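Scroll down for the structure; my scribbles are underneath it.
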Amino acid sequence: MTDKKLIGVDLGGTTIKFAILTDKGEIQQKWSIETNILSDGQLIIPDIIDSINHHIEMYGMTSDQFDGIGLGSPGTIDHENGTIKGAYNLNWTDSVYPVRDIEKGTGLPVTIENDANVAALGERWQGAGNNAKDVVFVTLGTGVGGGIILNGQLVQGANGAAGEIGHVTVDPNGFMCTCGKRGCLETIASATGIVRVARDRASEYAGSSELKAMLDDGQDISAKDVFDLAKENDDLAMIVADYVCESLGFVLGNIANTLNPKYVVIGGGVSAAGDFLLNKVDAAMRKNEFATIKASTELRLASLGNGAGVIGAASLIKVD
Ligand SMILES: [Zn+2]
């Protein structure tokens with residue numbers, strides 16, 4: 001135990017969120033800056049350093065009042081070299097060294113982790129995960145990300161890519177995924193995937209549906225439109241929502257069969273569909289689980305919203 005503070009940084013493609021937290025996970029200060037992806041993203045790390053130093057000074061604090069900085073970033077984390085690969089939405093093409101550079105720039109120890117893993121840690125610590133030892137987190141946003149905590153430890157995998165639930169294959173003959181493979185969960189249950197499924201089903205649909213009329217009219221639709229219409233019993237929207245939730249329940253049920261977590265937590269923008277989504281996924285998940293799992297693994301909605309990132313990032317440097 002220590003009474004020192006933690007700094008959590010959630011690096012995203014449009015904003016960088018920061019928070020100063022107690023070692024109990026209470027946010028004391030928070031702020032954010034725009035992510036400047038110009039010049040191959042080479043300004044991002046200097047911006048993070050300046051913002052942290054500026055705020056520490058502004059709050060009349062000094063660096064020795066902190067245990068360190070935790071950073072959540074898109075991409076695959078190379079823990080050995082303290083670098084990140086595949087963070088395409090940050091425009092990083094050359095190797096970047098956030099651990100080395102931010103430690104040098106702030107004088108504080110730095111730990112990095114993938115953004116979905118960090119959100120998983122945040123939900124586990126202060127959110128729907130209820131600090132359980134075994135928690136699986138899936139985030140449904142532009143893509144589908146995931147994080148797995150087993151026995152209180154984040155599962156990183158041999159190459160830092162464990163917990164990529166979005167790339168579990170649902171349909172080997174399905175839509176092409178950005179990863180180069182077909183039929184990944186991400187092609188169905190992400191915000192973009194849901195719209196793609198809607199367009200695909202609409203092309204073969206001949207009944208009466210407002211969603212069908214919107215698509216035929218050339219309107220842009222969103223995943224939210226699909227779920228809002230499904231809640232009103234729109235026939236095509238219901239077909240799409242059922243397929244999305246069946247696919248999610250299939251994957252999450254099988255993950256539960258493998259890991260028997262206490263909680264499976266659904267977060268990300270699509271989870272704003274709330275209990276309607278939760279109940280459908282839960283029913284599909286139960287169909288795919290064996291009895292012991294049904295009795296002991298619970299599906300929940302995330303509770304921290306977009307605050308999960310900074311909280312989970314800060315937990316990376318928490319001293320127990
Ligand atoms: Zn994929």
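Since the model is a prediction, treat every value here as computed from it, not as a measurement. Order of listing sets the numbers, starting from 1, for every ligand and every atom in it.
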Exercise for the section: Kindly check if the number of other-residue, nucleotide or ligand heavy atoms within 6.0 Å of NZ (Lys231) is above 12? Expected result: yes
Practice task
Report the residues that fulfil ring-ring contact (aromatic ring centres under 6.0 Å, His included) with Phe18, sequence neighbours left out, ordered by chain and then residue number.
Solution key: Trp31
Exercise for the section: Mind listing the protein N/O/S atoms less than 2.8 Å away from the Zn ion (ligand 1)? Waters don't count. Expected result: His167 ND1, Cys177 SG, Cys179 SG, Cys184 SG
Handout entry: Between Asp217 and Gln219: side-chain donor-acceptor atoms closer than 3.5 Å
Key = yes
Practice task
Calculate, to the nearest 0.5 Å, the distance between atoms CG and CG belonging to Leu108 and Asp67 respectively.
Solution key: 9.0 Å
Exercise for the section: Report, as yes or no, whether the 6.0 Å neighbourhood of atom OH on Tyr88 holds more than 12 heavy atoms from other residues, nucleotides or ligands. Expected result: no
Handout entry: Cation-pi geometry met for Arg182 and Phe175 (6.0 Å, 45°)
Key = no
